[in-house]
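Computation of the quantities below employed the complete heavy-atom set of this structure, encompassing side-chain atoms and omitting hydrogens, waters and symmetry-equivalent molecules. To find a chain, count down the sequence lines: A is the first, B the second, and so on, and within it residues start at 1.
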Amino acid sequence: MEKGFDSSSNCITIKIKDFSMLHTFESAQPLTFYADYNKDKNTIKYASASGKLAMLVDLKEDGNTATMSAYGSDGEALYSELKTRFRLKDNMQKIYKSIDKDENISKAISRYRGMRLTINDPWETTLCFIISQFNNVKRIRLIVKNIVDRFGSALECSDGSVINTFPTSRQIMQATDAELRRLGTGFRSKYITSAAEFCTNNMDLYKLSPNNYEKLKSRLMEIDGVGEKVADCIALMGYGNLNAFPTDVWIKRTMEKLYFDGKKTRLFDIHEFAKDYWGKYAGYAQQYLFHDARTSKAKR
DNA sequence: ACCCAGGCGGGCG
DNA sequence: CGCCCGCATGGG
C-alpha cells in the first residue's frame with residue numbers, strides 16, 4: 001500500500017492491492033455508502049452522521065491494484081478513516097488462504113477477488129440493517145437514500161460540492177411515523193423511531209466494546225427491531241467483528257445446500273459449523289458466499 | 001395473480 | 001425452548 005497527500009488540492013491518493021471497488025459495492029454490503037454511489041464513474045460521496053468524515057472517493061481499478069483518491073483538509077485523519085473503513089490493512093492473501101477450504105469458496109474467491117468487507121458507523125449500520133429486514137437490496141438502497149436526503153444536513157465539501165450527512169439518531173427521532181412510512185420504510189417505521197430514541201437516550205453505540213463479539217451482539221439485540229441476524233450484520237459491518245456470520249435467507253439456503261446435505265438446518269447449527277470451519281474470518285466467507293449466491297441466481 | 005426479499009416480535013403449545 | 005404468523009412495498 002502506497003500513499004501520498006497533495007496539500008494544494010487536499011487530495012490523498014492510495015494504491016491498494018487486492019481491492020475491487022466493483023465487487024465490494026455490488027456485494028451490497030457497505031449499505032451506508034450507497035446514498036451517492038456512482039457505479040459508472042466509480043465514485044462515492046459520503047458524509048458521516050458524526051460530521052467527522054466527508055469524502056469524495058474516486059476509485060480506479062487496474063488488475064488487482066486500485067487507486068483511491070479522496071479529499072479532505074487533514075491528510076492523516078483522512079488516511080486513517082479510509083484505512084479503517086475499507087479495511088485496507090487486511091491481508092487478503094492470508095485471509096483467502098485461511099477461508100479457502102473447499103471448491104465453493106475457491107470459486108467465489110476467484111470470481112470476486114478483491115472484494116472487501118467495510119466498516120461503517122455503528123448507528124448508520126444499525127439503521128440500514130433495520131431497514132434491510134424482510135426487504136430486498138434495491139429497495140433498501142432506495143429507502144436509505146430517501147432517509148439521507150430527507151433527514152441529513154447539507155455539508156459543503158472542499159471542492160464546493162454539497163453532500164447530505166447521514167442523519168444522526170437524534171435527527172431520526174424527530175421523524176414522525178407517517179413521514180418515515182412515506183419514505184418507504186413500511187412496517188419497520190416503529191423500529192426506526194424506537195431505535196433512534198434508544199440509541200440517543202439509553203445506549204451509546206460509540207461506547208460499546210467492539211471486540212467482545214458475544215457481549216456486543218447481546219447488547220445490540222436490546223434494540224427493538226434488532227434480532228440475531230441484524231445484530232450480526234452490525235457486529236461485522238459496524239464494528240469489524242470478522243468472526244460474525246450473518247445468516248439471512250440467501251446464506252441459510254446456500255449453507256443447507258452446500259454443507260448440510262440439502263436439509264433444513266437450525267441457525268444455531270449453521271453458526272457452530274461456520275465457527276469451526278472458517279473460524280476468525282467467517283465473516284469474509286459469508287460475504288463471498290452471499291455475493292456468489294445472489295449473482296448466480298440473477299444470471300439464471 | 002403469485003412469490004420473494006440481507007427478519008423480527010409476539011403468541012401459542 | 002421451537003414453531004408459526006403477520007407485516008409494507010415493489011419487482012420479477
| Heavy-atom protein contacts under 4.0 Å, nucleotides 6-11 of chain B, coded B base, S sugar-phosphate only, - none | BBSS--
| remark: Given the options F19(A), Y46(A), Y79(A), F86(A) meets ring pair (Phe, Tyr, Trp, His ring centres under 6.0 Å) only with F19(A)
| Distance, rounded to the nearest Å, where R141(A) contributes CZ and dG10(C) contributes P | 18 Å
| request: For K252(A) and dC3(C), give me the distance from atom NZ to atom C1', rounded to whole Å. | output: 12 Å
| Base, sugar-phosphate, or nothing: which does R253(A) touch, judged by heavy atoms less than 4.0 Å apart? | sugar-phosphate
| task | Using a 4.0 Å heavy-atom cut-off across all strands, classify R181(A) as base, sugar-phosphate, or nothing. | result | sugar-phosphate
| Do the side chain of Q286(A) and the main chain of F245(A) share a donor and acceptor less than 3.5 angstrom apart? | no
| said: If the cut-off is 4.0 Å, is R139(A) near the phosphate of dG11(C), judged by side-chain N/O to OP1 or OP2? | reply: no
| said: Whether the T43(A) and N38(A) side chains hold a donor-acceptor pair (N or O, under 3.5 Å, no angle test) is what I'd like checked. | reply: no
| Strand partner of dC4(B), provided both Watson-Crick or wobble distances fall under 3.5 Å | dG10(C)
| request: Please check if atom CZ in R253(A) has more than 12 non-hydrogen atoms from other residues, nucleotides or ligands closer than 6.0 Å. | output: yes
| task | Using the six-membered ring wherever Trp is involved, compare the ring planes of F33(A) and F25(A) and label them parallel, tilted or perpendicular (cut-offs 30° and 60°). | result | parallel
| Is it true that the side chains of Y277(A) and D102(A) contain a donor and an acceptor less than 3.5 Å apart? | yes
| Residues that, via side-chain heavy atoms closer than 4.5 angstrom, fall in one hydrophobic cluster with L56(A) | Y71(A), I163(A)
| remark: Here the distance between atom P of dG10(C) and atom CG of N146(A), to the nearest Å, is 11 Å
| message | Between dC5(C) and dG6(B), how far apart are the two P atoms, rounded to whole Å? | response | 23 Å
| query | Taking atom C1' of dC1(C) as reference, at what distance in whole Å does atom CZ of R266(A) sit? | reply | 10 Å
| I143(A) CD1 to dG11(C) C1', straight-line distance once rounded to whole Å | 13 Å
| query | Given atom CD1 of I192(A) and atom C1' of dC7(C), what is their separation to the nearest angstrom? | reply | 14 Å
